[in-house]
Structure formats: C-alpha cells, structure tokens
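In the text below, chain A, chain B and the rest are named by the order of the sequence lines, each starting its count at 1. What you see below is based on every heavy atom in this structure, not just the backbone, and it leaves out hydrogens, waters and symmetry mates.
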There are 2 protein chains.
Amino acid sequence: MDTTQRTDQQRSADRRRRELLEAADRVVLRDGPHASMNAIAAEAGITKPILYRHFGDKGGLYAALAKRHTDALLDSLRAALDAPADRRERVEATLDTYLAAIEARPQVYRFLMHPAEGSQPGDQGFDVGKHSAPLLRRMGEELAQVIEERLDLGPGGQQLARVWGHGIVGMMHAAGDWWLGERPCSRAELVRSLADLLWGRLAAAGDRVGGPGF
Amino acid sequence: MDTTQRTDQQRSADRRRRELLEAADRVVLRDGPHASMNAIAAEAGITKPILYRHFGDKGGLYAALAKRHTDALLDSLRAALDAPADRRERVEATLDTYLAAIEARPQVYRFLMHPAEGSQPGDQGFDVGKHSAPLLRRMGEELAQVIEERLDLGPGGQQLARVWGHGIVGMMHAAGDWWLGERPCSRAELVRSLADLLWGRLAAAGDRVGGPGF
DNA sequence: GGTGCCTGTTACTTGCGGTAACACCAGTCT
DNA sequence: AGACTGGTGTTACCGCAAGTAACAGGCACC
C-alpha cells in the first residue's frame, strides 16, 4: 500500500520536476544564464519556494538543467566517436558533431559552459581547479576512455590518454568558441584544420625563412 | 601652468589607482572572484563610491585587474615562444611556462579565467561567443601570430594559424585546468604528453585489438 | 474527525551593485 | 579677505536577486 502510493507521489513529483525544468529551460534560453529565480518561477506559473523545494538552490536547478543537455550532447558525441570508420574520419565526425551542436544552439552551449555560478563566498581556500564547466570535464573523461580503449599507447598509456582527452576537448572547445564569435571560415574548414593539427601538421610544417634559430 | 598642475593631479590619481588595484588584488586573491566591492573598499581603507569613480563599475575594476596579470603572463609566454631554440623545445618551454604560472599562483589563474562577470541582463540576444576569458583570446591571437610568422603553411596559412593558435591555447588551458585539479602527474610529464599530442602521436599510434572498424 | 503530508502562497531578511546628496579641503580668481 | 572650483571622502539610500519563514488549503489514511 504504502509503496504504491509513494510511487504515485514520486511519479507526480518527477513529472512536476520535469515541467519545472522545461520552464526553466525556456527562460534560461531566452534570458541567458542570469535569469532570476522569480522569472523562472513565473514562467512555470508558480512561485519561488516551490523551485527551492525541488532543487535546493539555484545551483541545484542549474545543475539539473545542465545535466539534461550535457547528457544529450554526450550521446551524440559517443555515436560519432564509436562509429565504425577510419580513425581520422571518426575524429572529424566527432569534431563536426560538437561544432554543429554549438552552432545550432549557441545559447545552450553558452549556458553549459558557465562555471556553475556556484562557489559561495564561504568556500575557504576557494576551489582551485574546478572552474571548467562539468561538460568539459565529462567530455574529457569520455574521450580519454575511448582513446585508451582503442589505441595502443604503450606503457603509461592510460595517463597519456587522459591528458590527451582533456587536451583535445579543450582544443575543440576553445577553437569552437572563437569560431562561433568570428565565423572566419566554414565549419568543414575548421574541422579539417583541427584534424590536421591533431595529425601532426604543426610538427611537419617547414620553417618560414631561415633555420629555427630565427 | 594649467598643464603642470593637471599633470600633478593626474599623477596623484594614477598613484591612487595603483594603490586601489593592489588592494583589490589582495582581496580577490584572498576571497576569490566573488569579493564584494565593499570588501575591496574596506581593504583599501576607503568606501565604495571612490572605487566607482575610479573604475566605473565592477567590470571595469576587474578588467583593470585582469589586464595587469594578463600582460605579465603574456610577457613570460612571449619570451618562451621567441627563444632561439628548436621548435619542439620552444613548444615545450611555452607549455611549461604557462603551467608553471598557473601552478605557482592558481588564484590569479582562476581569476583570469573568469568570463568577466559582465553581460548584464540587458544584453538582448545575449553575447554568444564571448564567454572565454580575454586572456584566452589574447593568448590565442598571440600564438596564431607567432605560428604564422615562423611557419610555412602554404595557401590559407593565415587562417590555419589562427585556428591552431586558439586550438592549442585551448588544449593547454583545459589540460592545465584538469591537471591542477587532479595532479595526476608531474609538470614535466604533462608537458611531454601535450607536446607528443601536437607532434602527431595520436595519428601514429597503433590500434589496440583488431582493425579500425572495431 | 483529527493527523500528517504535499502543494502552494505572501511576506520577509540579507546582501550586493550602484547612486545621489552632502561635507571637507586645497588652491585660484577678483 | 571672500566667493568659486575641483577633487576626495562620507552616509544613506534604491533596486534587485537569493533564499527563508510562516501560514493556508486539499487529500489520503487511521
């Protein structure tokens, strides 16, 4: 008895939570990450305390919101990353998937990259090394795992894979961010340039004038 | 007459400004980027309106603060980047310089990477593509310029250099951020791993089990 | 019919960014 | 001397957002 009823309540609570999240989504995508809790509550047709009961604080709401989008994006990326294709093709497909996503919904992207807004003034010694958006961390770890699973990197390969995972994700992120702001070239060109970088063209390029000493 | 007196006043104002910036620096480095204007004013021994007269608003103060540190870091990086050495050595030296800087003063680093705190709720259409800290942009452009000056990349080389500049900076940043948080290896190992990545070891590595199809 | 319990409200506190208005203290001009 | 000006400093306030009581109805359950 108790269990069935509790289940009912939980279901209703979960549905409510989803509704609230969708309302929050609309507001954040419309007003940016600085949307106030009042605005979100109004969009959902309710008032603030309900939001706080469901999500604890603003950070909780934003975390829940971010998780949805992050999961969705990570699913797309995993698909591109695990495709049965040549390594270079897979890399290009992954880069393109990411860039297409941020191009299609830059507001979602901007929201996801925001460093959580958290870190209350009470955090003594304040959290060094946790500025990156959780999305970046998760993408880095994910990529690291794929690299380690599929490539033979010899001894110390696991650590190498993690460095590379985070490094490549950072490269993708920074280049994508810059590209989104300036649009200096097509997406395909950007993908190609980045893949070329990863393929060692930096090392292979010739010097411009004299020797490397000048 | 007028000029000399105005110069005097300007000098005194500049000195005051430097004092205020130093006080702000202490507070920000102690309390993190969420330091309040009240706290900064108190540290400087004065009250808020003076800060506002000197810097306009909080964004202005933070921008001025960030510029000092950014300029200093960029100077170090330029030195490593322009050293008369082998390309690989230069790359490693630059990576190491950056990592040493963020390792030595993580709070400064954390502050610099903060996306300006700006973007008032009034910005309709809200500023997509300007999230990255100004430091990242400047480092990216700087590196792009060096790459373009010194490497022969054939046609389209300028654009390629810019993509690479921002991409490499992003790689360095993300890997450094992750490394600072987890400390999974020594700085030298990290530098070596990243340089290896840029040197094409990703493309050169063998597959782990079967062909690339699985 | 009382007892929890969830959902919802209004009304409040606290703290921050930012500003207006006033006060003091040089020198300067007449 | 005495009014005028410009910079430095103050207190006291506004508006707004996060977060929190404290209270009010609906609905199951004993």
Salt bridge flag under 4.0 Å for residues [X] and [Y]:
{"X": "A:Glu92", "Y": "A:Arg88", "result": "yes"}
{"X": "B:Glu149", "Y": "A:Arg208", "result": "no"}
{"X": "A:Asp82", "Y": "A:Arg150", "result": "yes"}

(message) Under the criterion side chain to side chain contact (heavy atoms under 4.5 Å, CB included), I'd like the reasoning laid out for A:Leu29 against A:Arg105: C-alpha separation, chi angles, the key distance, then a yes or no.
(response) CA-CA 9 Å; A:Leu29 262 44; A:Arg105 310 188 60 191; 3.4 Å; yes
[atom1] of [X] versus [atom2] of [N]: gap in Å, rounded?
{"X": "A:Asn38", "N": "C:dT13", "atom1": "CG", "atom2": "C1'", "result": "15 Å"}
{"X": "A:Lys58", "N": "D:dT20", "atom1": "NZ", "atom2": "P", "result": "14 Å"}
{"X": "B:His34", "N": "C:dG15", "atom1": "NE2", "atom2": "P", "result": "17 Å"}
{"X": "A:Leu51", "N": "C:dT9", "atom1": "CG", "atom2": "P", "result": "10 Å"}
{"X": "B:Tyr62", "N": "C:dG18", "atom1": "OH", "atom2": "P", "result": "11 Å"}
{"X": "A:Tyr52", "N": "C:dT14", "atom1": "OH", "atom2": "C1'", "result": "13 Å"}
{"X": "B:Ile40", "N": "C:dC16", "atom1": "CD1", "atom2": "C1'", "result": "12 Å"}
{"X": "A:Asp31", "N": "D:dC16", "atom1": "CG", "atom2": "C1'", "result": "15 Å"}

(message) Side chains of B:Ile102 and B:Asp177, heavy atoms from C-beta outward: is any pair under 4.5 Å?
(response)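 They are not in side-chain contact.
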(message) Contact between A:Tyr109 and A:His173 at the side-chain level, heavy atoms closer than 4.5 Å - yes or no?
(response) yes
(request) Only one of A:Leu77, A:Leu81, A:Thr94 passes side-chain contact (heavy atoms from CB on, under 4.5 Å) with A:Leu143; say which it is. (result) A:Leu81
(request) Could you list the residues that satisfy side-chain hydrogen bond (donor to acceptor under 3.5 Å, both in side chains) with A:Gln145, not counting sequence neighbours? (result) none
(message) With the threshold set at under 4.0 Å for non-hydrogen atoms, list the residues of residues 17-27 of chain A touching DNA chain D in residue-number order.
(response) none
With 3.5 Å as the limit, what N/O pairs link the protein to nucleotides 9-11 of chain D?
from   : atom 1 : to      : atom 2 : distance (Å)
D:dG9  : OP1    : B:Arg16 : NH2    : 3.2
D:dG9  : OP2    : B:Arg16 : NE     : 3.3
D:dG9  : N7     : B:Arg53 : NH2    : 2.3
D:dG9  : O6     : B:Arg53 : NH2    : 3.3
D:dT10 : OP2    : B:Thr47 : N      : 2.9
D:dT10 : OP2    : B:Thr47 : OG1    : 2.3

(message) If we ignore hydrogens and angles and just use 3.5 Å, is the side chain of B:Trp164 paired with the main-chain N or O of A:Leu202 as donor and acceptor?
(response) no
